[in-house]
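Some notes on the structure that comes next.
Because the structure is predicted, anything quoted here is derived from the model rather than measured. Just so it is clear, the values below take in all heavy atoms, side chains as well, and ignore hydrogens, waters and symmetry mates.
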Amino acid sequence: MKTGGNWRKRGYQWISMTGVAALMVTGYLVLDLNVSAGEGKASGSVTQALAAQVTYKVGETVTLGKGLPLYAQTVDNSVPVDLMRIQYYTSSEEKIKVHTVRGEWLRFKDDSRGDHWVPAWYASKESKTLKRSTPQNFTLRAGSKLYLYPGSQTSWASADALTDHALIVATTKDWYGISIAPRIWNKESNVYRPAILWVKAKDVQQRAYVADAWFGDQASMSTTDVRHLTDIMLSKTTTSKQVAQWLGEPDWKENSQNLNETNYSMSIGQTWRYEREDAQFLVTFNKAGRLMQTRWNLTLDDRNNVVPSDWHFSRSDDYQFTTKILGKTLPSSLPWKSTWTNQGELNYPFLQAATEDVLLMKGDDGGFSGMHYDKSVYALDRRTGKKLWEIHAGFGALQAYTDTKREGVTLYTSYAPGDKEYKDRIRHIKLSDGKVIWEYKPGSKLSLRGITAAKNVVVVDSPVKEGSSQGRIKVLNSSSGKTLWTRKLSAGYQLFNQSADDPYVMYWEKNQLIAADSLSGRTVWSIKVGKPTVDYIENDPYFDGITRLDPFTEALSERWMLLGDQWVLVDLTSGKKLAHFPARNGQRFEVLNDGMLLIRENKKGDHYGDYFDFTTTLYDAKNNKKRWTLNDKVERGLVEGDQLFVIKNGYPAALDYHTGETRWNAQNTISSLKYPTNQGSYLLIDDQLLLPMGEDLLVMNKEDGTLIGRVHDVVMGSPEHRDRDAKNGTMNRVGDEVYIGSSNGRFSLYNAEELNTDISR
């Protein structure tokens, strides 16, 4: 593991101040150091000219150069130079209208940035001589001063603690502009930028250009100094070639997230990861090698004092340059080479079902409400990852159900992207090659509500007439598409089928839950029950489902159903009630992999709230026995032996299965966020516990929760309203095969035995 050191201790050769020309840095002006032999001696006339009072009038328009610091308020020498809280720099040739003149300062108003102050000198003719330079280290003579601008009345006494980590970044006549990193980079939701002050050239004793490979294996530069350099050097015009020169070769190169918005074709670039124990720096380039984004991953400390948030902190002048404050430990990348990888056309690939030869996938662009443009169903060859076929559904409805033998899949789409019009279509497609076996055309008079499936049939749900709350189900033979039977249902009906593994067509109508023979429509069993007294939780798009569905196995023959004021476990074959418990608003529950229930209840009766609003109970429903109750929000459970791996109050944790006592909790270890995001489910590989969290696929020690690292080249995400798909289809294991989807369209097969958690390099 690399650690940063004191960058002044080695790697630099002090250079003479006379007769040296700086190299050109892209995006910056050349610093001309070819000066006379009298350099270093301040010229009285020049200094007096710089210090002369420049007067401006209110309402006057002035022009500011690029890269100048803007102040939220005026400062004097009572404000430490590393606590100026600068958030904005000027852009190129920025014109401002003077709103207030106060001594050495001008104030202006800006619609996007608000009120800001700038030293008046930066609007003067003298400031036009300012040139940017290649960053240099320097030392100052004892007793030197730092100035707000060349010749300003405001000055500060210099101190080694500040100037040891400052950089010469500009020059004008007999002055040097120096960049001083902020003492606190982040405060609450703000990101602060380095200040620019000035020193007299005669006070500079020695200086040296900053050596390249700032983040290299042998680098002695501290993380703070590297962060300082990246802040002032990297811009949108920076290329991958320059980054390789300045920072050195990265520790890891990965496929980036999608760089385009959801209404455009995907564009996957490359992300370079520089990793240290105390920091990680991510630089993302597009296919042309141009810089698109940067991000610092940092541990929480006194220089990063932030209010926990689920968002990145962006540099105020550019959202592409961000900072993310994590927990006490940063996840180092772990090598795990995939057997094959398929690059999809949409951001999120979710595994839906599998046969020996084919994987049925759902693709989704992951767009938030109002920014969702496309989804698709496609199939992959299970051995090679090659795409066999794909059907896009645009922003309309999409439902897909495999048939009982998993030889075909029935699709319902409400929109035809090719025709750019809404058009209900039901097609049964051969899973292996995508050929249409049959198609049902509902006509144009009614818009369908959707489809579902049962054993050997497809159930088409439609209103009896447009706008009616009454419905009509038409049951089709899934092999031929022929209509087997139809039934008119009264207002308020509800279908209960979930897949072709269901033995009967099931629906609630007129205070009865009916199971009808799928081929004839004959009632096999029924349960008399009133209308549910609480909202049906499966209708909540943010709920990730009562049961985790395994794409490789058939569904269970028993199911929890909301019947009246009870949740009832029903044997789908016989209609027998196997267990029950009271249903209440504000309640969510999940079936664990051993059949036990985790029941979450909100004390306020709401579905959402803070962690302390919830209690969670481990409930043995078949024996009507509560094992334990915690005053916490506990979810996403996975039972192994006497441990229950969960998300407790937003963080990975392990509980004693018998008592509920916390054995370990990763809170603050892996994140400082109050509401971290996680999608998908836990997966075990030997002693390693894998969990998608934020954008990383984390690997933890299952015994003590120690963060081992993150899987290389897997970019997770948080797709809105796709919680169920993410839980069931993001990450699955069958034998030694591990299938993992990224948020950049990549879906990969890994061998479980090849996960390498040895991070010593």
Side-chain angles (χ1 to χ4, degrees), residues 26-27 67 87-89 91 185-186 189-193 214-215 223 226-276 279-298 304 306 309-326 330-331 333 343 347-348 365-368 371 671 673 677 694-697 710 712-719 742-746:
T26 301
Q87 296 186 60
Y88 296 97
Y89 283 4
S91 56
W185 286 93
N186 301 89
S189 59
N190 297 318
V191 177
Y192 296 123
R193 307 289 304 281
W214 310 332
F215 232 123
T223 294
V226 178
R227 188 177 183 188
H228 187 183
L229 281 162
T230 59
D231 187 285
I232 62 177
M233 293 290 285
L234 271 60
S235 69
K236 294 179 183 178
T237 63
T238 303
T239 65
S240 58
K241 182 178 180 180
Q242 289 173 314
V243 172
Q245 175 186 337
W246 293 339
L247 278 85
E249 287 297 321
D251 297 298
W252 304 91
K253 292 183 179 181
E254 302 184 342
N255 288 277
S256 76
Q257 73 273 36
N258 182 9
L259 299 177
N260 277 345
E261 298 294 334
T262 54
N263 57 329
Y264 295 97
S265 298
M266 291 186 71
S267 176
I268 307 299
Q270 190 174 70
T271 295
W272 292 8
R273 294 183 66 96
Y274 296 85
E275 296 187 353
R276 286 180 173 176
Q280 297 171 350
F281 188 52
L282 281 59
V283 190
T284 298
F285 305 96
N286 63 14
K287 293 180 180 179
R290 287 289 179 182
L291 188 149
M292 300 297 291
Q293 301 169 359
T294 72
R295 193 182 80 219
W296 279 97
N297 290 340
L298 300 166
N304 300 303
V306 300
S309 168
D310 286 342
W311 302 101
H312 300 159
F313 302 106
S314 300
R315 217 170 70 177
S316 296
D317 60 341
D318 199 324
Y319 71 94
Q320 294 174 308
F321 294 81
T322 62
T323 300
K324 188 174 184 179
I325 310 302
L326 299 178
L330 300 178
S333 296
Q343 176 63 63
N347 288 343
Y348 289 94
D365 64 12
F368 285 89
M371 294 183 286
S671 177
L673 305 181
T677 57
E695 66 178 28
D696 292 321
L697 176 52
R710 61 175 290 275
H712 164 61
D713 208 13
V714 175
V715 184
M716 308 311 294
S718 301
S742 290
S743 66
N744 55 2
R746 291 166 62 84

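- No side-chain heavy atom of Leu229 sits under 4.5 Å from any side-chain heavy atom of Phe215.
- The two residues Asn297 and Arg273 come nearest to each other via the heavy atoms ND2-NH2, 4.3 Å.
- Partner of Gln257 under the side-chain contact (heavy atoms from CB on, under 4.5 Å) criterion, out of Met716, Gln293, Met266: Gln293 alone.
- Residues forming a ring-ring contact (aromatic ring centres under 6.0 Å, His included) with Phe285 (at least two apart in sequence, or on another chain): Trp272.
- Judged purely by atom type and a 3.5 angstrom limit, Asn260 uses its side chain to pair as donor or acceptor with the backbone of Ser265.
- Taking all atoms of both residues into account, the shortest heavy-atom contact from Thr294 to Leu234 is CG2-CD2, 4.0 Å.
- No salt bridge links Arg746 with Glu254; every basic N to acidic carboxylate O contact stays at or beyond 4.0 Å.
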Side chain to side chain contact (heavy atoms under 4.5 Å, CB included) between Leu282 and Lys324: does it pass, once the steps are laid out? CA-CA 11 Å; Leu282 281 59; Lys324 188 174 184 179; over 6 Å; no

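- The shortest non-hydrogen separation linking Gly269 to Ser256 is N-OG, 2.7 Å.
- Side chain of Asn255 to backbone of Asp713: no donor-acceptor contact under 3.5 angstrom is found.
- Aromatic ring centres of Trp296 and Phe281: separated by under 6.0 Å.
- Atom CG of Leu259 sits about 9.5 Å away from atom CD of Gln320, to the nearest 0.5 Å.
- Atom CZ of Arg290 and atom OG1 of Thr238 lie 8.5 Å apart (nearest 0.5 Å).
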Would Val243 and Tyr274 satisfy side chain to side chain contact (heavy atoms under 4.5 Å, CB included), going step by step from the backbone distance to the final call? CA-CA 11 Å; Val243 172; Tyr274 296 85; 3.6 Å; yes

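- When every heavy atom of Met233 is checked against every heavy atom of Trp246, the shortest pair comes out as CE-CZ2, 3.7 Å.
- Contact detail for Gln270 and Lys253: the closest heavy-atom pair is OE1-CD, 3.8 Å.
- Under a 3.5 Å cut-off, the side chain of Ser743 and the backbone N or O of Val715 do form a donor-acceptor pair.
- Among Gln280, Glu275, Arg710, the one residue that satisfies the side-chain contact (heavy atoms from CB on, under 4.5 Å) test with Leu330 is Gln280.
- To the nearest 0.5 angstrom, Thr271 atom OG1 is 9.0 Å from Asn744 atom CG.
- Listed by chain and number, the residues in a salt bridge (charged side-chain N to carboxylate O under 4.0 Å, His left out) with Lys287 amount to none (sequence neighbours excluded).
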For the pair Thr323 and Trp185, evaluate side chain to side chain contact (heavy atoms under 4.5 Å, CB included) and give the outcome as yes or no after the intermediate values. CA-CA 9 Å; Thr323 300; Trp185 286 93; over 6 Å; no

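- Taking all atoms of both residues into account, the shortest heavy-atom contact from Ser267 to Asn258 is N-OD1, 3.0 Å.
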